[in-house]
Amino acid sequence: MLERRRYRSLPLKRKKRQRQRQRQRLSALLMIALVGSTLLLAAFRSASGYWRQPVLLSQRPVGQIVSRAELATGIRQIQTANGRPTLNPLPLAEEVWDCEVVVIGGTLGGIAAAAHAMDTGVTTCTIELTPWLGGQVSSQGVSAIDESRAMRWRRNFSPSWEAFKALIKRQPVYLPEWTGLPGQMAVNQVNSCWVGELCFSPRAGATAAEMLLRQAAASAPNSRWSTSTAFKGAAFDTTGRNITAVYGVRRIPRDPDYVPTGRLSQELEAWYDWSDDDVYNKVPIRLQPPPGRRMIVIDATDTGELVGWANFPHRLGSDAQSFTGEVNAPPKDNPDCTQAYTYPFVLATLSDRDTSLKTLNALDSPLTRDQHRQEFDLEGFPFFNFGSVFNYRRIVSQVPGAANVNVTRPGEMSLMNWNKGNDWHFMDPPLVLTDEDLRLSGQRQNWMGGLSTESLNYGELHALMFAEWLIETEATSNLPLSLLTGEDAPLGTQSGLSMVPYIREGRRILGRPAYGQESFMAVEADLREDMTGGRDFSPTAVALAHYDIDIHGCRYREWRPSYEAAGASIKEFVVRPLQIPLEGIVPQGVDNVLIGGKSIAVSHIVNGVTRVHYGEWSIGGAAGATAGWLLRHGKPYDLTPAQVVATGQMPALQAFLVEQGLRFTW
């Protein structure tokens, strides 16, 4: 009986053990769930804190901060899913700015965009790579306004452009003793040049740009801007169509007496790097929409940095005839062939007892001096006096006014920006990195400007060799020449070159469907009075440009085919005014971005018209005012730039642009 009972009890014990094992499994699962939910809650709180709160960090090597933001927010997974680049590293932001409009690039177009956006009352944030706002009129050293002669005769510039030029004319110019002039005079008291009506010190241009933004900020008091701040990338929503944050890094020189080198090739990496170094402390910043509001981003950089980093559909270099249908387009595309860029510098009719010449003579270059000098040619122009190179962009004249433009005197200063001089047109290597270059260099994960430092170095040395050549060949006993360098010089750099080069052309977007094109692009026939096929863009026009078709060419040193559109250059008397349509400043594939500078939807040839001062101002102003209108007056509240035309609101936008002091009609 005992044995029988023992065996009878086995099934009961087996069931009991099974129930115990089930309870243990359930307890384990509950414990895992509890731990997992705790971790998820912690991650959520960390992510929320990351997006909402600035986190202050001490100095730290970048290796210690690479992964924290990704772990906290899951941003890598989001960006991988939406097809946009993954930022790596992405330091936690030490500053967080709330912005309705973000302007990337405080260039000439960028300050126009920022000022017009602020005039509409929207909180606007602007970041600029260099220490000076203004781009062409300051840090790029093209502070000699070059405008359409027809527009100067008709006086049909926009009121806001005329107001900005008047602001420049009132700026003080601080003059050294050797000029023999008072220590401080207004720009209009020393202005006499023949490239146009207004030439001035780049430092005065920077001051005017700063004053412009301060005046506009009265209408949008929470707006802010930061110089010496590099664009690093952006975050998108899960669709990849809306930017939700823009990232930048501000550099603060450790030395209070720091002076930019004027050798961007040597500073570019440090300017863009997240990490502190021996020269700079770095401050990571994040620009995001205010709570419950949306944000519009404007790319006003000269090379289309946001366009290149995010890889919005765009073109780079010369366009083949098969692509554009242009008469003077080359037979093949060449993405290497952007227009030549230039490092301007300032020469003075001053004897420095060969100090600057000796410094230039000591320069070493990968190319021989003969190789540089064979590119130099004043093309029959005299260097001094009547119709001269020196007087062309003279920024300090002993006697102001047009009546004195043909006389050169001791104690004067002039910007040198000469086609067959300091233009660097060689493409080996090209300046602007292609999509493949960006991919291979990892710049879509860690943006470093998208430029070739090797090309920049060649361009810098070429400009300095041109300065040396001019001093050696053109100086006279009555009119000696010196290169102005240092903190107090007009360009404010150690080398005497501009802080960054004047870049005529970068990436150009493909616009939205319009005027018979699936991807809008203004082309040569839209400009030429002597060609058929030009289109009328007035129904959706937002900006205006007019100038020569002025192509500063490109070539390879070995004379390989360049596929440049060299034959397209022509004077403005056969160039019709270009009304730039809204579809030309709206990139494809993204819903809250506008273009506020040279990267609009135009061909390589048309860029020869739109790249100059007034064209850039007009485009930037239109982008800023359009952004403000969308945020304050567009209906519905989330109206995107691409929906303005389709919803019949273009007339309302155009009327608003006119109220803002802009002009898009001839």
Validation row, ring centre Y341 to ring centre H462 under 6.0 Å:
no
When you measure from the side chain of S498 to the backbone of G141, do you find a donor-acceptor pair of N or O atoms at a distance under 3.5 Å?
no
Quick one: CG on L544 to OG1 on T665, what's the gap to the nearest 0.5 Å?
7.5 Å
Indicate yes or no for a side-chain donor-acceptor contact from R394 to the backbone of S192 under 3.5 Å, with no hydrogens or angles considered.
yes
One thing to verify: whether K598 and E616 come together as a salt bridge, which I'm taking to mean a side-chain N less than 4.0 angstrom from a carboxylate O.
yes
Can you classify the ring geometry of F164 versus W617 as parallel (below 30°), tilted (30 to 60°) or perpendicular (above 60°)?
parallel
Between the main-chain N or O of G205 and the side-chain N or O of S138, is there a donor-acceptor pair closer than 3.5 Å?
no
Do S160 and H116 have side-chain N/O donor and acceptor atoms under 3.5 Å apart?
yes
Ring-face cation contact, W559 with R555, 6.0 Å cut, 45° max
yes
Between R507 and D435 (salt bridge meaning N to carboxylate O under 4.0 Å), is one present in this structure?
no
Closer than 3.5 angstrom, by distance alone: can the side chain of E529 be matched with the main-chain N or O of F573 as a donor-acceptor pair?
no
Compute the ring centroids of W418 and F466, then answer whether they are less than 6.0 Å apart.
no
Angle between ring planes, F157 versus Y614, binned at 30° and 60°: parallel, tilted or perpendicular?
perpendicular
Between the side chains of Q339 and H604, is a donor N or O closer than 3.5 angstrom to an acceptor N or O?
no
Quick check against the 3.5 Å criterion: does D336 have a side-chain atom that pairs as donor or acceptor with the backbone of D428?
no
With no hydrogens and no angle check, is any side-chain donor or acceptor of Q136 less than 3.5 Å from a backbone partner on T107?
no
Donor-acceptor pair, side chain of E505 and main chain of T338, under 3.5 angstrom
no
State plainly whether the residues D333 and R315 are in salt-bridge range, i.e. N to O under 4.0 Å.
yes
Taking the six-membered ring for Trp, are F312 and F236 parallel (under 30°), tilted (30 to 60°) or perpendicular (over 60°)?
perpendicular
